[in-house]
Amino acid sequence: MAKPTQDHVFVSHGDFISLFVENLLGYASVELLSTTELTVFSSQSGNELPPNFEQSCVFQVKAVAELELGQSLKYGDNVRIQHRSTQDFVSRTKENKGGRYRVAMKSTADETTTFRLMPRFRLHSPGDPIRFNDQVVFESIQPGQEPTFLYSDGASEAVSQHVLSASPQKTTGIRIKLFAPYNVSSRAFLSLLKGGDYVRIFHPEANGFLVAQQLDETQHERTICLKEVPPHLDPTDFHDATSIWQVELQETDKRGGRPLLWSDAVRLKNLISGAYININARTKAGNLAPADTGSFFSFVESTRINEDREAIIGEKEDVVAYHTFFYLTTSSGQWLQANRALVHLEQDDEESAQISFNMVKLSHDKRDEDAWTLKNVLASEVSEFYFALSETKKLERLTDPQVLADPSTLSPREASEIVGSISALIKICTDDEEQDALKSDGASRSLQQNILYDLNVDDLLMEFIGLCFREGGDGFKSDWQRRIDDSSSSSFNRIARYGYRLIRQMVKDNLHVGHHFALKYLTTVTNHCRWINKVQAQWF
């Protein structure tokens, strides 16, 4: 994070900033799990940065009035605060609960996204320039309503996470801290690696990314391996949810956020599986497997070239930068390497296209060719994963033993929420902004389709949809041929229709997901269609 320089001490139109909430000793953050709220994680010292600081906590301050880029802002100016990663604006909504208004992120700018910057203390007055690190009050003025201010309760030992709201009561000030000036080069946002960051770990020689993958031969068992980038793709264009890892500092009592040093030890947590690389965990085939607990690794820098074209190795107290080549080693002196002699091939379509997976191994001998490098992960990728995860959690109600015994136990409200979740998952699988969730096929998004498949969404839906079927006879369980068209089964029918619609969008133009789904359910789906034709019910 930049420090104000002698010629940039005042907050300017277009500056990239972070918002430090004084009474909570923490930074305002757009949480990856829910991009609609502005939250603050309080810390005891206020010196700890949240995980993914640059993705979550960096905003751009923009004057509402027409100012030149870089012109200083003054107390009394109206501004909008735009989140750099999501491009959403901080908004004081009209939702009022207990005298407080909800603060949320909004994709478009309007009167709810306008805030007046006012001084917290009387030693400043409207018209004075705003210095970095001043305590500032963010005042929302909307037509016909009393002024409200960004507000938070005081810090509490029992609660470390706080949601910002707006209230007529003035909060303690929010300090505006400079991240980068308005005219910064885009290179300033090439991050240093920090605890909590999401990354992809790339092996240049093997041309593959480290993944925790379910291979055909191991069924639901995941293997730590390298997924080769297809020849027609550049590694920067490769997007696969199984290749996203979170870097956790050994100091687990801290939330991370600080830049990583070469002397640090870290654990690597897979985003999809939630499991870690553990040097003692093995699959049934004897390959490295993810586990609930992780082993600690150290980054060892490969040689790099300095400005004088000299080969150097960084000191242990130097920070780890993205795009640096490094080796991964354990505390026992073993090196993580590609085992290029052991390759697993998966068929991806009927035209004999194959995906190659190189196994990885641990060795006591370091090899020059086994250097790794890091690739950035877009904040939107992680955000969409957590959004999909939260909606998938709601679908788990479908496999509750009580519901499986009798689907009518689902209340109308629960059924409506489940249909809403299925509709939301349909829409993240398509590039089309406007579509009918039940009828229209949208353009497919392979990353999001793969995420839903890795979250076993198809298994949840097929178990529920198959409730009314059985093998033999007319294909229906006892009395279901009568009940299928009964009004008491309308919720079941609606969920089943939307469920099949989601599955259709998951497999559309996606050879990987379609291939695996067909292996599991092609016969089942065929039988469902055949049996449904025997009754006079309108399913599709």
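Remember, predicted model here, so these are calculated numbers, not experimental data. Side chains included, hydrogens not; waters and symmetry mates left out as well; all remaining heavy atoms used.
Listed by chain and number, the residues in a ring pair (Phe, Tyr, Trp, His ring centres under 6.0 Å) with Tyr276 amount to none (sequence neighbours excluded). Thr399 meets the side-chain contact (heavy atoms from CB on, under 4.5 Å) test with Leu460, Glu463; sequence neighbours excluded. Partners of Asp368 according to the side-chain contact (heavy atoms from CB on, under 4.5 Å) rule, which considers only residues two or more places apart in sequence or in another chain, are Tyr327, Lys366. Taking Glu417 as the reference, Arg413 meet the side-chain contact (heavy atoms from CB on, under 4.5 Å) condition, with sequence neighbours excluded. With sequence neighbours left out, the ring pair (Phe, Tyr, Trp, His ring centres under 6.0 Å) criterion links Phe297 to no other residue. Checked against side-chain contact (heavy atoms from CB on, under 4.5 Å), Ser273 has the following partners two or more places apart in sequence or in another chain: Ala212, Arg222, Asn270, Ala275. With sequence neighbours left out, Lys106 forms a salt bridge (Lys or Arg N to Asp or Glu O under 4.0 Å) with Asp110. The side chain to side chain donor-acceptor pair (under 3.5 Å) test applied to Lys227 returns Asp240, not counting sequence neighbours. Checked against ring pair (Phe, Tyr, Trp, His ring centres under 6.0 Å), His83 has the following partners two or more places apart in sequence or in another chain: Phe59. For Arg367, the salt bridge (Lys or Arg N to Asp or Glu O under 4.0 Å) test picks out Glu369, Asp370, with sequence neighbours left out. Take Phe464 and apply the ring pair (Phe, Tyr, Trp, His ring centres under 6.0 Å) test, not counting sequence neighbours, and it matches Phe492. A search for salt bridge (Lys or Arg N to Asp or Glu O under 4.0 Å) contacts involving Arg80 returns nothing, not counting sequence neighbours.
A distance-only check finds no donor-acceptor pair linking the side chain of Gln448 to the backbone of Cys429 [under 3.5 Å]. Judged purely by atom type and a 3.5 angstrom limit, Asn339 has no side-chain atom pairing as donor or acceptor with the backbone of Met359. Under the 3.5 Å distance criterion, the side-chain polar atoms of Gln337 are matched with a main-chain donor or acceptor of Asp365. Between the side chain of Ser29 and the backbone N or O of Val40, no donor-acceptor pair lies under 3.5 Å. A donor-acceptor pair under 3.5 Å is absent between the side-chain atoms of Trp372 and the main chain of Pro204, judged by distance alone. Counting only distance, with no hydrogens or angles, the side chain of Ser295 and the backbone of Ile279 share a donor-acceptor pair below 3.5 Å. Between the side chain of Gln60 and the backbone N or O of Gly14 there is at least one donor-acceptor pair closer than 3.5 Å. Judged purely by atom type and a 3.5 angstrom limit, Gln82 has no side-chain atom pairing as donor or acceptor with the backbone of Phe89. Between the side chain of Asp197 and the backbone N or O of Val247 there is no donor-acceptor pair closer than 3.5 Å.
At a cut-off of 3.5 Å, with distance as the only test, no side-chain donor of Asn207 or Glu228 sits close to an acceptor on the other residue. Using modelled atom types and a 3.5 Å distance limit, the side chains of Arg501 and Gln505 yield a donor-acceptor pair. With no hydrogens or angles considered, no side-chain donor-acceptor pair links Tyr453 and Asp459 at under 3.5 Å. Gln214 and Glu221 are not linked by any side-chain donor-acceptor pair at a separation below 3.5 angstrom, with hydrogens and angles left out of the test.
Here Thr392 contributes atom OG1 and Leu461 contributes atom CG; the two are 9.0 Å apart, rounded to the nearest 0.5 Å. Of the inter-residue distances, the one linking Lys62 atom NZ with Leu69 atom CG reads 9.5 Å to the nearest 0.5 angstrom. To the nearest 0.5 Å, the span separating NZ on Lys427 from CG on Leu502 amounts to 12.5 Å. The line from CD1 of Ile465 to OH of Tyr498 is 13.5 Å long, rounded to the nearest 0.5 Å.
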Derivation of the side-chain contact (heavy atoms from CB on, under 4.5 Å) call for Phe357 and Gln213: CA-CA 9 Å; Phe357 294 91; Gln213 184 78 28; 3.5 Å; yes

For side-chain contact (heavy atoms from CB on, under 4.5 Å), just list the numbers for Val320 and Trp262, CA-CA rounded to whole Å, side-chain angles, deciding distance to a tenth of an Å, and then say yes or no. CA-CA 6 Å; Val320 180; Trp262 292 108; 3.7 Å; yes

Evaluate side-chain contact (heavy atoms from CB on, under 4.5 Å) for Ile201 paired with Leu268, printing each intermediate quantity in order. CA-CA 10 Å; Ile201 303 173; Leu268 299 172; 3.8 Å; yes

Between Phe299 and Leu261, is a side-chain contact (heavy atoms from CB on, under 4.5 Å) present by the stated rule, with each step listed? CA-CA 8 Å; Phe299 289 77; Leu261 307 178; over 6 Å; no

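Considering only heavy atoms from C-beta on, Ile277 comes within 4.5 Å of Leu288 through its side chain. Between Phe326 and Leu374 the shortest side-chain heavy-atom distance falls below 4.5 Å. Looking at heavy atoms from C-beta onward, Phe132 lies in side-chain contact with Ile17 at the 4.5 angstrom threshold. Between Leu398 and Ile418, the closest side-chain pair of non-hydrogen atoms falls below 4.5 Å. Side-chain contact check for Asn358 versus Val360: every heavy-atom pair is 4.5 Å or farther apart. Side-chain contact between His203 and Phe209 is absent, with no heavy atoms from C-beta onward closer than 4.5 Å. Proximity of Phe202 to Leu210: side-chain heavy atoms (C-beta onward) are nowhere separated by under 4.5 Å. You'll find the side chain of Leu395 reaches within 4.5 Å of the side chain of Ser421, heavy atoms only.
The side-chain contact (heavy atoms from CB on, under 4.5 Å) with Glu37 is formed by just one residue from the set Val103, Val163, Leu164; it is Val163.
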